[in-house]
Number of protein chains: 2
Amino acid sequence: MARAPFHREGEAVRRDALIAATAQCLATHGAGGISVRMVAAAAGVSAGLVTHYFGGIDDLIAATYHATGDRIGALLDAAVDAAGPAPRARLSAYVEANFRPPISDPELLATWAAFWALAGSNPAIAAIRDSVAAATRAQVEALLAACGARETRLAAIGLTALIDGLWLERSLNPATFSAAEAGALAERWLDALIG
Amino acid sequence: MARAPFHREGEAVRRDALIAATAQCLATHGAGGISVRMVAAAAGVSAGLVTHYFGGIDDLIAATYHATGDRIGALLDAAVDAAGPAPRARLSAYVEANFRPPISDPELLATWAAFWALAGSNPAIAAIRDSVAAATRAQVEALLAACGARETRLAAIGLTALIDGLWLERSLNPATFSAAEAGALAERWLDALIG
DNA sequence: GCCCTTGTTATACACATGTAAAACAATTTG
DNA sequence: CAAATTGTTTTACATGTGTATAACAAGGGC
């Protein structure tokens, strides 16, 4: 049958399009509802490109996790850097960035929640999540230590758990609380953790 | 071909067996990996019983969510009741029960996390989750109010978010912190929320 | 022991899945 | 303009999916 017309593109363009489409599909349909044909359609290409560029849907999902983690990490780093040298301001900026667009966009939160779901049963995704979570806690520990917090390991666990819990609620029901309320709760927790 | 021998059972026995099998499969394989044949095998019956007793896999998952929520709710109620009349003791008992077996069993946490994943894209599951979350927050608001907390709505949101975040981390990596550490963090948050 | 009820299994069906690779088309080069 | 390169589509394949239901078997009643 007649083939669909297309423009030839470089590998990076195709890979980025497939990654963006995967993030969108994970957000919309969840971890259980995504498929090769769905992602390809969202990327405007045919399904064969998934295997061609990524070796398969699992590797594409893993690459999407890396890309999403890098994006969130860069946004958080930028927020902390923009806060100047004061330790508490940097920590507050870190927290606030979690509840401000683009991180707080429901689609990004939903994509992230889909990775959590996949991590529960997919060892490769679990390894990425462990790595991302450890890096996040290390960053938070450093920010807390700069503020004079004691037992920074446990404090970092507590802060990231609150943020994750608020993210989770927000991705499941954005009407439960506002971003400002989330930020206020987190500041209050910071006060308690730092003393 | 020859049929597998079986014992006839009442409807309640079959439904409970399928619900237990569903919870187990959700825990082990996640929201995206569950199937009618898998659940039936885990329940020791044939796949036809899923449609016979529940109308389909979606209704079976919904019934499993209700059953799991009822079970957790009963465990939490029992813990609070066993704490006696002192408000702070009742609130602490509520929190501690979240991090003690059987609620803190990784399989139960993983099943619960699977429901979160399904809620992101399945309206029926989302409705159940909203209902369960609202009931949980109402109970926590009452416990907080008895302790003299102000702004109990936001405090309840904050407490349940921390508990959910700790549950999530524990279901994804039980080695991150101990149940005792989780309880200590939650108590610290309670101190901050109550003042 | 036979009959009846109904719980249950096995099968069929239509559809969806991920992957592999042949074949084709876009684009560049000479 | 033709040939070569290679990006890309389409197709085929094997397998898995959820649901419906005919047929059968367990077990109770008479």
Side-chain angles (χ1 to χ4, degrees), chain A residues 1-22 25-26 28-65 114 117-118 121-125, chain B residues 1-22 25-26 28-65 114 117-118 121-125:
Chain A
M1 92 197 302
R3 283 190 175 211
F6 61 94
H7 274 285
R8 297 179 66 159
E9 296 286 359
E11 178 173 341
V13 171
R14 292 304 192 195
R15 286 178 61 95
D16 286 349
L18 286 164
I19 284 175
T22 300
C25 292
L26 283 170
T28 308
H29 298 91
I34 196 173
S35 72
V36 172
R37 287 168 177 76
M38 176 193 294
V39 169
V45 298
S46 64
L49 282 196
V50 171
T51 305
H52 179 73
Y53 281 117
F54 288 95
I57 185 70
D58 283 345
D59 290 346
L60 172 51
I61 290 175
T64 306
Y65 202 170
L118 288 161
S121 52
N122 182 326
I125 301 297
Chain B
M1 95 202 295
R3 283 191 176 209
F6 62 93
H7 276 285
R8 297 177 67 155
E9 298 283 0
E11 178 174 338
V13 171
R14 292 302 190 197
R15 285 177 63 96
D16 286 350
L18 285 165
I19 284 174
T22 300
C25 291
L26 283 170
T28 308
H29 297 92
I34 197 173
S35 73
V36 172
R37 287 167 176 77
M38 176 193 293
V39 169
V45 298
S46 64
L49 281 196
V50 171
T51 305
H52 180 72
Y53 281 117
F54 288 95
I57 185 71
D58 281 347
D59 289 345
L60 172 50
I61 290 176
T64 305
Y65 202 171
L118 288 161
S121 52
N122 181 324
I125 301 297

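Throughout, a chain's letter reflects where its sequence line sits, starting with A, and its residues are numbered from 1. Fair warning: this is a prediction, and the values are worked out from it, not measured in the lab.
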What closest approach, in Å, do [X] and [Y] show between heavy atoms, and which atom pair accounts for it?
X       : Y       : result
V39(B)  : A21(B)  : O-CB, 3.5 Å
A117(A) : A117(B) : CB-CB, 3.3 Å
L118(A) : A31(A)  : CG-CB, 3.6 Å

Over how many whole Å does the gap from [X] atom [atom1] to [N] atom [atom2] extend?
X      : N       : atom1 : atom2 : value
E9(B)  : dT8(C)  : CD    : P     : 7 Å
H52(B) : dA22(D) : NE2   : P     : 15 Å
L49(B) : dA20(D) : CG    : C1'   : 14 Å
I57(A) : dA20(C) : CD1   : C1'   : 16 Å
L18(A) : dG7(D)  : CG    : C1'   : 13 Å
R15(B) : dG7(C)  : CZ    : P     : 13 Å
R14(A) : dT27(C) : CZ    : P     : 10 Å

### V45(A)/F6(A) under side chain to side chain contact (heavy atoms under 4.5 Å, CB included): CA gap, chis, key distance, verdict
CA-CA 8 Å; V45(A) 298; F6(A) 61 94; over 6 Å; no
### Task
When you get a sec, tell me which of dG18(D), dT9(D), dG18(C) is the closest nucleotide to the side chain of V36(A)?
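Closest of the options to the side chain of V36(A): dG18(C).
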### Task
Identify which nucleotide among dT8(C), dG18(C), dA20(D) has an atom closest to any side-chain atom of S46(B), counting heavy atoms from C-beta outward.
dT8(C)
### Query
Rounded to the nearest 0.5 Å, how far apart are CD of E9(B) and CG of D16(B)?
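Here the rounded value is 11.0 Å.
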Set out, line by line, the N/O atom pairs under 3.5 Å between protein and nucleotides 25-27 of chain D.
{"from": "dA26(D)", "atom 1": "N1", "to": "R8(B)", "atom 2": "NH1", "distance (Å)": "3.3"}
{"from": "dA26(D)", "atom 1": "N3", "to": "R8(B)", "atom 2": "NH1", "distance (Å)": "2.2"}
{"from": "dG27(D)", "atom 1": "OP1", "to": "H7(B)", "atom 2": "ND1", "distance (Å)": "2.6"}

Mind checking if [X] touches a base, just sugar-phosphate, or nothing, with heavy atoms under 4.0 Å?
X      : answer
V45(B) : sugar-phosphate
Y53(B) : sugar-phosphate
G48(B) : base

#### Entry: 5' priority, DNA chain D, between G10(A) and M38(B) [closest heavy atom]
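It is G10(A), whose closest nucleotide lies nearer the 5' terminus.
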### Message
Looking at R37(A) and dG18(C), is any side-chain donor or acceptor paired with a base atom of the opposite kind under 3.5 Å?
### Response
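By the distance-only test, yes, there is a pair.
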### T51(A): side chain to side chain contact (heavy atoms under 4.5 Å, CB included) partners, not counting sequence neighbours
none
### Task
I would like to know whether I61(B) and N122(B) meet side chain to side chain contact (heavy atoms under 4.5 Å, CB included); could you show each step before the answer?
CA-CA 11 Å; I61(B) 290 176; N122(B) 181 324; over 6 Å; no
